[in-house]
Amino acid sequence: MVPEGHKYTKEHEWLRVEGEEAVVGITDYAQSELGDITFVELPEKGREVNRSESIATVESVKAASDVYSPVSGKVIEINGALADTPELINRSPYEEGWICRLSVAGAIEMENLMDAEAYENYLKELK
Amino acid sequence: MSYVPNTPRDIQVMLDAIGVKSGGIEELFKSISQELRAKSFDLPAGRSEFEVERYLRGLGKKNVTDLIYFLGGGFYDHYIPAAVDAIVSRSEFYTAYTPYQPEASQGTLQAIYEYQSCICRLTGMEVSNASLYDGGTALYEAVMMAIRITGRNKIIMDGAVSPIYRKMIRSYTGNLSVEFVETPLFHGSRMSYRDEIDRYLDDRTAAVILQNPNFFGTIDDHSDIAEKCREKGILVIESVYPIALGVLKSPREMGADIVTGEGQSLGIPLSFGGPYLGFMATKKEFVRKMPGRVVGATTDKKDRRGFVLTLQTREQHIRRSKATSNICTNEALCALRALVYMCLLGKEGIKKVARLCMDKAEYAKKILGEIKGVEVKKWPTFNEFIIKLPKDTSEVIGKLISKGIAAGFPLSRYYKGMDNYLLVAVTEKRTKVEITAFANALEDILWS
Amino acid sequence: MELIFEKSRPGRKGLTLPEKDVPAEAKLDPKYARKEDAELPCVSELDVVRHFTNLSNMNFGVDSNFYPLGSCTMKYNPKFTERIAAMEEFAALHPLQPQLIMGGMLTQGALEILYELENMLCEISGMDEFTCHPMAGAHGELTGVMLIAAYHKSKGKRRKYILIPDSGHGTNPASAAIAGYEVRSIRTDEAGVMDIGEIKKALNEDVAGVMLTCPNTLGIFNPRIKEIADLTHKAGGLMYYDGANLNAIMGKTRPGDLGFDIVHLNLHKTFATPHGGGGPGSGPVGVRQELVPFLPISRVVKRKDGTFALDYDRPLSIGYISPFYGNFAVMLKAYAYMLLLGRKGLTEVSENAVLNANYLKSRLKDHYDIPYSENCMHEFVISASRQAENGVHAIDIAKALIDRRIHPPTVYFPLNVKEAIMIEPTETESMETLDRFADIMIELAELAEKDPDAFKELPKTTAVGRLDEVKAAKDMNLCAL
């Protein structure tokens, strides 16, 4: 069961809203599809992103996937630990495997974000 | 001639197994309706090996190949050791496919790893790919790589870079929003506008393309240019001649970011245009932006060392439209030739062959310069140099050819206003007798 | 096995060079000279020969093993063609020679070969003119897409999209993207061909072209191909043929007759030039008359007196995509092959390629899932999904085949089939070889049911077992320094 407090996208990103900031990562489904992650290309701190823009790339032996930002905002923190230990995303996709933190610009557009139950149902459909 | 083993009996047995009741093999083509059938297939009848060989030998005789080559222009008549041919003739190497199943391809994979290593050692760079089609496409790929890395799209090309490569790069990028600025040729200083090149560098520039030796054979030290580029976040792309690297300052020593070049001089026959070998090497920090296949070392469960294609997620078969390039093939067999050549020559041999080229070119410069009316440019060169004749080269080249000498490349083919200039290349294969004969023949033609 | 560098010993050398015979010494200014030597290995010739001979023994090649790689056409490479390419009259020819004196008179033999080869390719594929400049299949695709762009530019409208089936080879979308187009993927329908309804919806005046292969990567010939061509042309787009699967149709149909405007062929597939472990190849491109002005520079022309020359005066050309005339030595091998086989021989190639594939399919159909059960052409795709339910995936079957000295077929391609295994036996394999392969595949299917764990440690007869690809990507040890 995916963590309750998060929001999810169809591209398997998760978003954890904390006041005016939000943390972004990829879901357990995404990491298991990718396989052992070998490299993460992180955004630069200070970068402005629009919703649905590619904010990071996650590479495994069989695929390189773009991570699309679920919200618009500015990158204020990146998870440097992923440089040496990209497998944190496989081991702990929702906690230690977080990718970056954004300061969110204005209200979050909720239409394309699913809550935990909706995302679970979406995953069932995919099978 | 046929390589199909199926006998009429085999065919019948197979058709029965498939369940074709009548109509023979044609039944298997029934999804191709009559109206879609070939409107013609008018090819000559097949022949025996003997007949085809006789025909092709006849065509071969219509080529003139016994000329003494002083012809270069980026492609050189170097000696190819017998062991190179022997090794690449092993069918386990040449009838193998791309090494996607590593356990069945360790021969190819280790060879590519060793090739990558030799290219790094020769150029001084940190990583190399498994090769690209030729020096021109390698240079184009370097341009695209620089654009990816910097996010800028302006490229400064030294006008003294090979005209063949400059034309290729422009053709490939024709549809893309890449801005090219070519510096003019400057006869004052080895043809390159290099002393004024910083006029062109700005914050929209992704990279500067330089060539050493340049197309006119002159050598340089680009460290000062690299320094200026570094200050502005501009990448330096150097296109180089591998044999020359036996003695010349390496691109790493000059501060290059991406190195490319043509590997034909490393044991690959001239073969009228190909196949050739494009090599590319760069700094470790840029490896993910580098196109082409790459082989990496790893281990198996029993801790035995093995090699695999790696970083494949950049490539077309996985990333598809987001790939770093569409390149699928490298030039594996040509890379193997180059590797074997570099191993046979070794650390000392590569220096010695470069030295021989330089010294013989020096001798050629000397005796050609002694001919009345012939001007040999005094610029520092490796094994290729320009001479200026007192008349149009087209009047002279044909006559030299009838004396069995391919005297050099007439620069008027690529450059306006250079009708009297000849680009002369001298390799280790040119003997004192041949060089002297060239000078004597030229003098004869000019003055008798 | 040791690296060649590990065998290096100071003072050893392979090749002895001649001594300097000129009374001159070039002075190399230290500022242009190398400070540190290039550390190339110091080894004897025997060291080198033994090293590479032993390396070669770790390879599978067509000459030693059955190699049914789908989409690659691993047919036998005739030794005769190697002899031809090595002929001094061709191998020693400098590419700048035609430009020395007017008219290319020094290279008439080579120019005639280029001319005749192009003509033969035209006849085989039903196109009007060919260029042999592209140095590989993917290079041919890029050239083809550049031609599409030039065509539309000349019509005044750039157009944005290229349509490609989801079963297409990865080079297709990559080439399109590199040339500046956006790719729209068209799904494959239940019959295994491009969904015609989707094509109709997707075609509009923004579509520059459709890139596909026929038969497709599933080995299925689309009977409505002409209709697709007509629809595309009506929308003002061009039809591009990826010639990877030409081995299925020679003498039966031709892309030109099916309505294609641009074609690329793979000489290293259909025309038996060796794959070389990953190149060199050659990817000539053929076009319809209307596109001829855009072909790359230069072109071989035949003069009224019967001699051959190179034409550089082509103002509408896409420019230079190759330093010279293409991979001549590769083209020469293909030309020799075509001369050997001739009309009947090339037709027999396709007939037997298709026969062999269908035979193999009939032997495997009860043991593996076959997503498209109609008769295939020269290749077919099976799925290991039944076996995957037991934990034996396509990759495991592949590794097991290696222990049986058979190079595995292509796995996990095309993308629209789960646990795909793509098999292309080619026409040069005998029925005995096909039967042996089928017997082994059936054995493996049975083993997958009885003892799935047996696959985990395979292959075990090769010099190395399954290699850690994750470690390779993370360590990034790409050269020995």
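All chains are named by letter (A, B, ...) in the order of the sequence lines, taking the proteins before the strands, and each is independently numbered beginning at 1.
B:L122 touches chain C through backbone and side chain together, each having a heavy atom under 4.5 Å away. Of the two parts of B:D85, neither the backbone nor the side chain holds a non-hydrogen atom closer than 4.5 Å to a non-hydrogen atom of chain C. Contact of B:V247 with chain C is made through backbone and side chain together, with heavy-atom distances under 4.5 Å. Looking at B:I25, only its side chain comes within 4.5 Å of chain C, counting heavy atoms on both sides. Looking at B:A297, the atoms closer than 4.5 Å to chain C (heavy atoms on both sides) sit in the backbone and in the side chain alike. Using a 4.5 Å cut-off between heavy atoms, B:I11 contacts chain C through both its backbone and its side chain. Within the 4.5 angstrom heavy-atom criterion, atoms from both the backbone and the side chain of B:S40 approach chain C. Both the backbone and the side chain of B:P44 come within less than 4.5 Å of a heavy atom of chain C. Of the two parts of B:K167, the backbone and the side chain both hold a non-hydrogen atom closer than 4.5 Å to a non-hydrogen atom of chain C. For a residue to count as touching a neighbouring chain, one of its non-hydrogen atoms must lie under 4.5 Å from one of that chain's; by this rule B:K352 touches chain C with backbone and side chain alike. Heavy-atom distances place no part of C:K75 under 4.5 Å from chain B, backbone and side chain included. Residue contact with chain C, scored on non-hydrogen atoms closer than 4.5 Å, involves the side chain of B:I350 exclusively.
Below 30°, between 30° and 60°, or above 60°: for C:H139 and B:Y172 the angle between ring planes is between 30° and 60°, a tilted geometry.
Note that CD1 of C:I225 and CD1 of B:I32 are 11.0 Å apart. Values are rounded to the nearest 0.5 Å. A distance of 6.0 Å separates CZ of C:F80 from CG of B:L56, quoted to the nearest 0.5 Å. Within the model, atoms CD of B:E362 and NZ of C:K20 stand 9.5 Å from one another, a figure rounded to the nearest 0.5 Å.
If you tally non-hydrogen atom pairs under 4.5 Å between each of C:N77, C:T347, C:N375, C:V354 and chain B, the highest count goes to C:V354. When C:A272, C:S64, C:P18 are compared by the number of non-hydrogen pairs under 4.5 Å with chain B, C:P18 comes out ahead. When each of B:S271, B:S89, B:S105 is scored by its heavy-atom pairs under 4.5 Å with chain C, the top score falls to B:S271. By number of non-hydrogen pairs under 4.5 angstrom with chain B, the leading residue of C:E429, C:E88, C:E469 is C:E429. The most heavy-atom pairs under 4.5 Å with chain B, out of C:I321, C:I402, C:L40, come from C:L40.
At a threshold of 4.0 Å, the pair C:K31-B:D221 does not count as salt-bridged, since none of the basic side-chain nitrogens sits closer than that to a carboxylate oxygen. Using a 4.0 Å cut-off between a side-chain N of Lys or Arg and a carboxylate O of Asp or Glu, B:E49 and C:R83 do not qualify as a salt bridge.
Aromatic pair B:Y97/C:H407: ring centres not closer than 6.0 Å.
The main-chain N or O of C:L339 is never found under 3.5 Å from a side-chain atom of B:R47 such that the two would form a donor-acceptor pair. Of the possible donor and acceptor atoms, one in the side chain of B:E114 sits under 3.5 Å from a partner among the backbone N and O of C:I4. One N or O on the side chain of C:D257 and one on the backbone of B:K39 form a donor-acceptor pair closer than 3.5 Å. Within the 3.5 Å criterion, the main-chain N or O of C:G109 finds a donor-acceptor partner in the side chain of B:N63. In this structure a side-chain-to-backbone donor-acceptor pair under 3.5 Å is present from C:R34 to B:L245. Under the 3.5 Å distance criterion, the side-chain polar atoms of B:R413 are matched with a main-chain donor or acceptor of C:L100. The main-chain N or O of C:E36 is found under 3.5 Å from a side-chain atom of B:E253 such that the two form a donor-acceptor pair. Side-chain N or O atoms of B:R90 include none that pairs as donor or acceptor with a backbone N or O of C:N57 at under 3.5 Å. In terms of modelled atom types and a separation under 3.5 Å, the side chain of C:T253 and the main chain of B:L36 share a donor-acceptor contact. Between the B:D300 side chain and the C:R466 main chain, no donor and acceptor come within less than 3.5 Å of each other.
Between B:Y276 and C:P95, the closest side-chain pair of non-hydrogen atoms falls below 4.5 Å. Between B:V353 and C:L15, every side-chain heavy-atom pair lies at or beyond the 4.5 Å cut-off. Inter-residue side-chain proximity for B:R57 and C:E89 is flagged as met; some heavy-atom pair is nearer than 4.5 Å. B:Q106 places none of its side-chain heavy atoms less than 4.5 Å from the side chain of C:M1.
Closest approach of C:L17 and B:G349 over heavy atoms only: CD1-O, 3.6 Å. Of all the heavy atoms in B:A83 and C:V49, the pair that sits closest is CB-CG2, 4.2 Å. The heavy-atom pair separating C:A136 from B:Y133 by the smallest distance is CB-CE2, 3.4 Å.
Of the N and O atoms on the side chains of C:N59 and B:T108, at least one donor lies less than 3.5 Å from an acceptor on the other residue.
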Q: Report the C-alpha separation of C:Y67 and B:T95 in whole Å, then their side-chain angles, then the decisive distance to 0.1 Å, and conclude whether the side chain to side chain contact (heavy atoms under 4.5 Å, CB included) test is met.
A: CA-CA 10 Å; C:Y67 227 111; B:T95 68; over 6 Å; no
